[in-house]
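Below is one structure, written out as structure tokens; comments come after it.
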Amino acid sequence: MSERVNEEKKSPATQPDGTQPDGTSGSTRRGGTSGGAGATPGGAGATPGGSPVAAAKAEAVLPALGPMGMLRWAWTQLTSMRTALFLLLMLAVAAVPGSLFPQRPANPSIVTQYIKDNPDYGKILDSLQLYDVYSSAWFSAIYILLFISLIGCVVPRAIAHYKAMRSQPPRTPARLSRLPEYGTMVIPAKAGIPASDAITEAAGLLKKRGYRVDVRDRDGARPSVGAERGFLREVGNLVFHTSLIGVLVSVAIGGLFGYSGQRILVEGDTFVNTLVGYDQFTPGTNFQSSQLQPYSVQLDKFQITFDRESQGKIGQPIDFQADVTTKESPDAPAKKEVLKVNDPLTLGGTSMYLTGNGYAPVVTIRDGAGNVAMQGPVVAKLQGDNYYSSAVIKVPDAKPEQLAFAGFFLPTAFVTDEGVSFSGDPELFNPQLTLNSYYGDLGLDDGAPQNVFELDVKKLTPLNARNLDAGGITLAPGASYTLPDGKGSISFDGVKRYVGVDIHHNPGQLYALIFALLAVAGLVTSLYVNRRRVWVRTGTHEDGRTMVEYGLLARGEDHRLAGEAAAIRRLLAGAWDLEDQGSQSAPSGSADNGRADTTTPGAGAAGAAAAGQDTADHPAADFIQSTAGSSESKKDQ
């Protein structure tokens, strides 16, 4: 529409008699007469008061794309590099909600609590899959589209580059003086090196320098060689993009077939790699229980080394070591191994990491009937400095009332003047267990999940507490306490250590690392390797001298092209013993280009002398003049 308006503005107004304001005929058009093909009076392209271009555009009908055309257009748009970059940006933006909202695969209980705390918009976020960002439909759609787009970008480029690598270097330009780097050299007649031999030697030198060479018209009047190098630049670029695809595939494989889980092991406990053996388990999308290899790990002893020498850091842990016994299968022999921080165990295709530790007081609880309702270690959760830990004990098997205990474990107990207990050291110098007791319905019989480290006392009746007449329970190792009202008793039998381990199985992890390293290598290669082309042309002057000119061209920016031109010049000069004849060679630069462009073709040495120029000072001009009309020059043009 804008072009039509512009055309109409440019056309002067037509008089009623059909003439322009300047008296010319209205059928006359700029750049032609009324007899021209584009302005024939009465022709289909002429309309009264309008231009032929506007009329043609008004009558033009665009062809319908059709279903196949639409598919080709959509594929072209999807596989463009611009779309790939846009999808990569969208993927980064789509991952942001995963760090803003709790994710169900990481901790389902936190997501449930988040929805309860935010009833107005919590369920709306759940319907939008913002608690399962990385497995959501919209995140997967972006991921798959990016995957397809990268493949559509890389495959055609790889095919085109393969053809370019197998093709011959480009033909020799007719005027090398127009290239960014250009120079000339002269081989004296007494050297006895004809043009054909000179071009053969130049091709050999370029080939040794890593160029792919092609000699043209070796026996002609103006033989030349075309050379090219730097194909690794595009190879590195293709390796980089292909490696990105490999990383995407590896991550997808890990998400589909991998799994992870956590387990707390107390000294003496054994973990067997089955579903029931995990405290928490997060399977992949296509996880199958047959992937679990039934290996076992037993925690024999856990040792911590605390700092006892540094001022201001006394009591800080400096080393952790878990001595374990492993078995690859039920029938395999046992093996003693050590599990340390940042030094995982590898078993059954999984990696086991040491992630936490603490103390587990060993208690024995008897109910009102005198029966043992619970016996064993209780994992205490770290809460503060010096391994100050909280302890929760639930006893659903106690009769006639269920029992529960909540309090603290102190490895080295100290009491302030106000009667407040605290831990003064992480070692077991004065261990103490301080508890409150409760009885009632724990809510475990209805099957509702509960956090083992928390106790809801709203529906329970307290038995022991500091604000009650019975007071709280304070136990040292070996001590016991009888609960009020004949509810039972509790004894503190000793202390064990425990460790927390993370177990991961990611079949695509190794491949992701390999592809990531390849991507870095490809990127570095594409940044530091330059694509260059070199042409050398020789010819014989009338006085027997062999004239040489060369030019270099880079594909893309190459600030080292001038250095490459100087290096090639030194190679050629060294091969022909021209070190002492630098005055006869014109270096690259505007002076050479101007001389080559302004010389009159066909003038020869006599023309240069007639113009007042010394042929000894301008050998390049002699060479260009004497060979400007050669067969190769005409062919190139």
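Just so it is clear, the values below take in all heavy atoms, side chains as well, and ignore hydrogens, waters and symmetry mates. Owing to the predicted nature of the structure, the values given are computational and were not obtained by experimental measurement. Start at 1 with the first residue, then count along the sequence.
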State whether a side-chain donor-acceptor pair under 3.5 Å links [X] with [Y].
X	Y	result
N286	Q288	no
Q450	K394	yes
Y481	S437	no
D493	S491	yes
N357	Y387	yes
Y121	N118	yes

As an exercise, state the distance from [atom1] of [X] to [atom2] of [Y], rounded to the nearest 0.5 Å.
X	Y	atom1	atom2	result
S260	Y278	OG	OH	8.5 Å
L87	I144	CG	CD1	12.0 Å
R263	T355	CZ	OG1	13.0 Å
T412	N430	OG1	CG	6.5 Å
M81	C153	CE	SG	4.5 Å
L410	D425	CG	CG	12.0 Å

* **is_close_aromatic(Y143, Y134), centroid dist under 6.0 Å** =>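 Aromatic pair excluded; centres sit 6.0 Å or further apart.
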Flag the pair [X] and [Y] as a salt bridge only when some basic side-chain nitrogen lies within less than 4.0 angstrom of an acidic carboxylate oxygen.
X	Y	result
K327	E337	no
K335	E328	no
R104	D132	yes
D323	K336	no

* Would you check, one step at a time, whether the test ring-ring contact (aromatic ring centres under 6.0 Å, His included) holds for F409 with Y388? => CA-CA 6 Å; F409 172 74; Y388 177 85; 9.9 Å; no
[X] side chain to [Y] backbone, donor-acceptor under 3.5 Å:
X	Y	result
R233	S526	yes
R531	L232	no
N273	Q293	yes
Y131	G122	yes

* F281 and Y259: CA distance, side-chain angles, deciding distance, ring-ring contact (aromatic ring centres under 6.0 Å, His included) verdict -> CA-CA 8 Å; F281 187 78; Y259 60 86; 5.5 Å; yes
* Decide if atom CG of N342 counts as having more than 12 heavy atoms of other residues, nucleotides or ligands within a radius under 6.0 Å. =>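 Atom CG in N342 is not crowded, with 12 or fewer foreign heavy atoms closer than 6.0 Å.
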* **Heavy-atom side-chain proximity of V501 to L339 below 4.5 angstrom** =>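 With C-beta onward as the side chain, the pair touches.
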